[in-house]
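As a basis for the values below, the full set of heavy atoms in this structure was taken, side chains included, without hydrogen atoms, waters or symmetry mates. Counting starts at 1 for both ligands and their atoms, in listed order.
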Amino acid sequence: MQVVILPSSESIGDYAADVILRGVAERPSTGHMNTGHMNYVLGVATGSSPLPIYEALERRWVPELAAISAFALDEYVGLPYSHPESYHSVIDREVTTRLRLDPSKVHVPDGFADDPVAACLAYETAIQDAGGIDLQILGIGGSGHIGFNEPTSSFSSRTRIKTLTPETRRDNARFFSSPDEVPLHCMTQGLGTILDARKVLLVATGEKKAAAVARAVEGPLTSMCPGSALQLHPDATVLLDEAAAAELTLTDYYRFVFDNRPEWQR
Ligand code: F6R
């Protein structure tokens with residue numbers, strides 16, 4: 001993993017926006033080698049961490065962005081799409097509207113489906129049909145989850161129903177009027193689905209994330225910290241502020257690598 005420590009969440013947003021805009025600009029000339037699909041496919045996360053990225057992309061909007069497709073990581077089960085905290089609503093507000101995307105190209109798992117198992121399978125198929133995800137944005141939970149893959153998730157899991165941990169429900173209670181309102185279940189891309197993305201950008205800010213970040217980046221590969229699965233990814237970058245980087249041990253080395261990165265990586 002490449003660890004990049006930046007001074008603020010604004011600079012993290014800008015750094016990520018640079019990577020995404022470069023990818024979008026390169027897409028027309030490269031395309032997908034195997035599938036012929038040409039649209040850039042962005043994997044989007046909800047929660048607070050990625051908001052500076054969407055704000056930066058909104059500020060620096062270019063017409064090519066309007067052509068991309070997007071796939072969300074997860075959704076609560078049983079929350080109507082119109083609920084302001086359903087990820088359908090959040091993605092619509094924070095991503096589709098800000099980036100002026102075509103709503104028909106923005107996909108969110110269907111946590112309100114009559115047949116959730118079929119809906120999970122359909123989501124995997126839709127990602128495949130779009131040519132796979134070019135870049136997946138991720139946050140990390142205090143439990144070490146990425147997407148809503150809570151501890152003990154299989155590294156080869158695909159989109160499926162999971163039960164949220166009490167810790168995640170407590171963390172997300174800030175978005176609801178009472179903790180009991182936070183749904184028990186979610187539909188989430190699996191760790192295997194996430195690992196299939198061609199590039200991954202994990203964003204974490206604030207001291208509350210320091211322990212989970214250290215376990216994911218420097219700890220052993222373990223389903224007890226699902227974020228550690230990213231150690232298996234060939235192109236994963238972790239964007240941190242100082243507080244989220246505080247429990248890492250190789251910080252000086254990460255800074256040295258970043259300061260001495262070759263021209264083509266800048
Ligand atoms: C959101 C998601 C979660 C969040 C994580 C961190 O779609 O999949 O993994 O990224 O819970 O949330 P924040 O950024 O709100 O701290």
Side-chain angles (χ1 to χ4, degrees), residues 9-10 12-13 16 42-55 70-77 79 83-96 106-111 120 123 127 133 135-153 157-176 179 182-195 197 200-213 215-217 223 225-230 236-241 243-245:
S9 46
E10 289 71 31
I12 290 175
L42 183 64
V44 288
T46 52
S48 313
S49 309
L51 292 178
I53 304 178
Y54 306 140
E55 285 159 11
F71 283 87
L73 278 170
D74 39 23
E75 173 60 292
Y76 294 113
V77 166
L79 213 54
H83 188 290
E85 293 307 328
S86 79
Y87 287 171
H88 276 77
S89 297
V90 174
I91 291 290
D92 189 46
R93 242 182 358 251
E94 304 295 350
V95 180
T96 314
V106 180
H107 309 267
V108 180
D110 189 355
C120 291
Y123 203 65
I127 293 173
I133 290 172
L135 182 144
Q136 178 65 57
I137 298 170
L138 296 170
I140 188 165
S143 68
H145 72 216
I146 51 174
F148 274 144
N149 294 284
E150 298 287 27
T152 74
S153 289
S157 49
R158 313 302 306 188
T159 303
R160 68 214 184 291
I161 305 288
K162 289 291 286 179
T163 305
L164 296 171
T165 61
E167 181 182 5
T168 299
R169 292 184 71 227
R170 268 196 308 276
D171 285 348
N172 286 10
R174 69 190 194 278
F175 297 115
F176 293 83
V182 184
L184 279 173
H185 297 108
C186 61
M187 188 180 282
T188 180
Q189 285 187 31
L191 293 174
T193 321
I194 293 169
L195 290 176
V200 170
L201 272 187
L202 183 141
V203 187
T205 50
E207 61 185 351
K208 276 198 188 148
K209 297 295 171 73
V213 165
R215 290 174 69 214
V217 175
S223 65
C225 178
S228 69
L230 298 179
T237 301
V238 180
L239 301 178
L240 306 172
D241 66 0

Could you check [atom] against the protein and tell me its nearest heavy-atom contact, residue, atom and distance included?
{"atom": "atom 5 (C) of ligand 1", "answer": "His145 NE2, 3.4 Å"}
{"atom": "atom 1 (C) of ligand 1", "answer": "Thr46 OG1, 3.1 Å"}
{"atom": "atom 14 (O) of ligand 1", "answer": "Ser49 OG, 2.5 Å"}
{"atom": "atom 6 (C) of ligand 1", "answer": "Ile140 O, 3.5 Å"}
{"atom": "atom 2 (C) of ligand 1", "answer": "Asp74 OD2, 3.3 Å"}

Student check: side-chain heavy atoms of Leu164 and Cys186 closer than 4.5 Å = yes

query = Side chains of Phe148 and Leu73: closer than 4.5 Å at any heavy-atom pair?
reply =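 Not in contact.
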
May I ask you to decide if [Y]'s main-chain N or O and [X]'s side chain share a donor-acceptor pair within less than 3.5 Å?
{"X": "Thr237", "Y": "Leu201", "answer": "no"}
{"X": "Tyr123", "Y": "Phe71", "answer": "no"}
{"X": "Gln136", "Y": "Ala197", "answer": "no"}
{"X": "Glu207", "Y": "Ala243", "answer": "no"}

By number and element, which atoms of ligand 1 are closer than 4.0 Å to a non-hydrogen atom of [X]?
{"X": "Ser48", "result": "13 (P), 14 (O), 15 (O)"}
{"X": "Gly47", "result": "14 (O), 15 (O)"}
{"X": "Leu73", "result": "8 (O)"}

query = Would you call Lys209 a ligand 1 contact, heavy-atom distance under 4.0 Å?
reply = yes

message = Within the structure, is a non-hydrogen atom of Gln189 found at a distance of less than 4.0 Å from ligand 1?
response = no

key: Residue portion contacting ligand 1 (non-hydrogen atoms closer than 4.0 Å) for Glu150   =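 For Glu150, there is no contact with ligand 1 at all, from either part.
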
ask   = Do the ring planes of Tyr76 and Phe176 sit parallel (below 30°), tilted (30 to 60°) or perpendicular (above 60°)?
value = perpendicular

Option with minimal heavy-atom separation from atom 9 (O) of ligand 1, where the choices are Gly139, Gly147, Gly43 = Gly147

note = Distance col, row Thr188:OG1 vs Ile194:CD1, nearest 0.5 angstrom, shows 6.0 Å

